[in-house]
Amino acid sequence: QVQLVESGGGLMRAGGSLRLSCAASGSIFSINAMGWYRQAPGKQRELVATITRGGITNYGDSVKGRFTISRDNGKNTVYLQMNSLKPEDTAVYYCSADVIARGGSLYYMWGQGTQVTVSS
């Protein structure tokens with residue numbers, strides 16, 4: 001079994017910073033792309049950032065220049081450093097991962113989500 005667990009969400013003032021982490025554990029052979037998505041009340045889920053195993057990144061337009069995605073392949077963990085937070089960043093943030101389990105099965109997985117609330 002593979003677990004995908006997010007942490008680091010919470011309440012922050014506008015202009016502040018938060019660092020999210022998402023750790024995969026279990027019977028894992030490798031992880032391809034990992035990413036972060038978010039969904040605010042009444043809105044569609046949107047891309048925040050993705051990162052390939054080799055470190056190639058992609059960001060949503062609304063977070064470019066403020067957020068940074070990174071990963072530690074040895075720990076099967078992806079991070080999201082969020083700086084200069086704005087109230088419109090308030091959302092539930094979900095971690096995703098393309099996991100190759102030992103034995104060769106491939107799964108697209110989602111974490112349970114972590115709430116980020118930014119007050120003005």
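Source: prediction; values computed, not measured. Below, each value reflects all heavy atoms present in this structure, side chains not excepted, and no hydrogens, waters or symmetry copies.
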Under the salt bridge (charged side-chain N to carboxylate O under 4.0 Å, His left out) test, residues paired with D89 that sit two or more places apart:
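Testing D89 for salt bridge (charged side-chain N to carboxylate O under 4.0 Å, His left out), a comparison that skips the adjacent residues, returns R38, R66.
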For E88, what residues pass the salt bridge (charged side-chain N to carboxylate O under 4.0 Å, His left out) criterion, not counting sequence neighbours?
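Once residues adjacent in sequence are excluded, E88 has no partner under the salt bridge (charged side-chain N to carboxylate O under 4.0 Å, His left out) criterion.
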Any chain of hydrophobic side-chain contacts (each under 4.5 Å) joining L47 to V78?
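No, because L47 and V78 fall into different hydrophobic clusters, even though each may have its own neighbours under 4.5 Å.
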Report whether V116 and M12 are members of the same hydrophobic cluster (ILVMFWY, side-chain heavy atoms less than 4.5 Å apart, transitive linking).
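Yes: a chain of side-chain contacts under 4.5 Å links V116 to M12.
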Return the NZ to OG1 distance between K64 and T57, rounded to the nearest 0.5 Å.
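Here the interatomic distance stands at 9.5 Å.
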Side chain to side chain contact (heavy atoms under 4.5 Å, CB included) evaluation trace for L18 with F67
CA-CA 10 Å; L18 286 172; F67 292 8; over 6 Å; no
Applying ring-ring contact (aromatic ring centres under 6.0 Å, His included), name anything that partners Y37, two or more places apart in sequence or on another chain.
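If we apply the ring-ring contact (aromatic ring centres under 6.0 Å, His included) test to Y37, skipping adjacent residues, the hits are W110.
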The test is side chain to side chain contact (heavy atoms under 4.5 Å, CB included); show your working for W36 and C95 and say whether it passes.
CA-CA 5 Å; W36 292 94; C95 174; 3.9 Å; yes
Quick check against the 3.5 Å criterion: does [X] have a side-chain atom that pairs as donor or acceptor with the backbone of [Y]?
{"X": "E6", "Y": "Q112", "value": "yes"}
{"X": "N73", "Y": "R53", "value": "yes"}
{"X": "S21", "Y": "Y79", "value": "no"}

A side-chain contact here means heavy atoms from C-beta on lying under 4.5 Å apart; do C22 and L4 qualify?
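Counting from C-beta outward, C22 and L4 do come under 4.5 Å.
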